[in-house]
2 protein chains.
Amino acid sequence: MEEKVMNIGIVKELTGLSERQIRYYEERKLIFPARTRGGARRYSFDDVKRLREIHEKLKDGFHTFELKTMRPFKSV
Amino acid sequence: MEEKVMNIGIVKELTGLSERQIRYYEERKLIFPARTRGGARRYSFDDVKRLREIHEKLKDGFHTFELKTMRPFKSV
DNA sequence: CGTGTAAGGAATTCTGACACG
DNA sequence: CGTGTAAGGAATTCTGACACG
């Protein structure tokens with residue numbers, strides 16, 4: 001579940017989030033997709049799971065900078 | 001492992017096969033990727049596994065039409 | 001802060017065909 | 001038969017920015 005194999009389009013469908021949101025969470029250092037040679041992001045199923053958790057927390061009123069310590073996340 | 005989430009570029013990397021080979025096996029009805037609205041193919045991890053098996057069999061001298069009965073494969 | 005959008009470019013994927021054998 | 005390739009188009013993704021609040 002850690003293999004980075006999905007492009008952002010599929011992640012969008014699986015999470016229901018916008019590309020903007022997905023990229024923003026990365027900008028905030030909450031998610032770490034891999035990159036193809038061409039620069040396209042690649043996510044794992046674990047990433048999809050994490051994106052859902054992030055969005056849930058934000059809906060609960062937390063801020064991205066507070067989520068960085070939300071849970072230890074194994075680095076790529 | 002049945003979720004169709006990978007585009008052909010990643011499948012190429014995971015299997016070491018060319019796009020031509022991957023598409024040809026589909027043309028021969030040995031593999032059944034899903035499609036995005038735009039027409040792009042989407043594969044599952046099971047598909048990747050199957051592609052490897054197909055290629056192995058071909059290297060062993062079998063022909064694509066002989067592989068259709070190779071093993072029951074659940075349809076999409 | 002978190003997210004939407006229009007903008008232009010670059011990388012990806014698609015199909016149908018010609019080629020070899 | 002199984003696979004390579006050049007061709008042109010269409011869909012996808014990328015970055016940086018302006019916007020709101």
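By convention in this document, chain letters (A, B, ...) are assigned in the order of the sequence lines, proteins followed by strands, and residues within each chain are numbered from 1. These figures come from a predicted structure and were not determined experimentally.
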Any strand counts, and the cut-off is 3.5 Å on both contacts for Watson-Crick or G-U wobble. Which nucleotide pairs with D:dG16?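 No nucleotide pairs with D:dG16.
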Determine which nucleotide pairs with D:dA6, using a 3.5 Å limit on both distances of a Watson-Crick or G-U wobble pair.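 Across any shown strand, D:dA6 pairs with none.
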Would you say [X] reaches [N]'s phosphate, i.e. side-chain N/O to OP1/OP2 under 4.0 Å?
X: B:R23; N: C:dC14; value: yes
X: A:R41; N: D:dT15; value: yes
X: B:Y24; N: D:dG2; value: yes
X: A:T36; N: C:dA11; value: no
X: B:Y25; N: D:dT3; value: yes
X: A:R20; N: C:dT5; value: no

If the threshold is 4.0 Å, N to carboxylate O, is there a salt bridge linking A:E13 and B:K4?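 Salt bridge between A:E13 and B:K4, a charged N being under 4.0 Å from a carboxylate O: no.
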What contact category does B:R35 fall into here, base, sugar-phosphate, or nothing, at under 4.0 angstrom with non-hydrogen atoms?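 Sugar-phosphate, no base atom in range.
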Side-chain heavy atoms of B:T36 within contact of B:R42, under 4.5 Å: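 Yes, their side chains come closer than 4.5 Å.
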[X] [atom1] to [N] [atom2]: how many Å, rounded?
X: B:K12; N: D:dG4; atom1: NZ; atom2: P; answer: 11 Å
X: A:E19; N: D:dC14; atom1: CD; atom2: P; answer: 7 Å
X: A:I8; N: C:dA10; atom1: CD1; atom2: C1'; answer: 16 Å
X: B:F65; N: D:dG2; atom1: CZ; atom2: P; answer: 7 Å
X: B:N7; N: D:dT12; atom1: CG; atom2: P; answer: 11 Å
X: A:Q21; N: D:dT13; atom1: CD; atom2: P; answer: 16 Å
X: A:K57; N: C:dG2; atom1: NZ; atom2: C1'; answer: 18 Å
X: A:L17; N: C:dG2; atom1: CG; atom2: P; answer: 14 Å

Identified side-chain hydrogen bond (donor to acceptor under 3.5 Å, both in side chains) counterpart of B:R23 within the set B:E27, B:E19, B:Q21: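 Of B:E27, B:E19, B:Q21, side-chain hydrogen bond (donor to acceptor under 3.5 Å, both in side chains) with B:R23 is met by B:E19 alone.
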Do side-chain atoms of A:N7 reach the backbone of A:I10 as a donor and acceptor pair under 3.5 angstrom?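 Yes.
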When you match A:I10 and B:E27 each to their closest nucleotide on DNA chain D, which lands nearer the 5' end?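 Checking each residue's closest nucleotide, the 5'-ward one belongs to B:E27.
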Going by side chain to side chain contact (heavy atoms under 4.5 Å, CB included), B:L17 matches just one of B:V48, B:I8, B:I54, B:L51. Which one?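 That would be B:L51.
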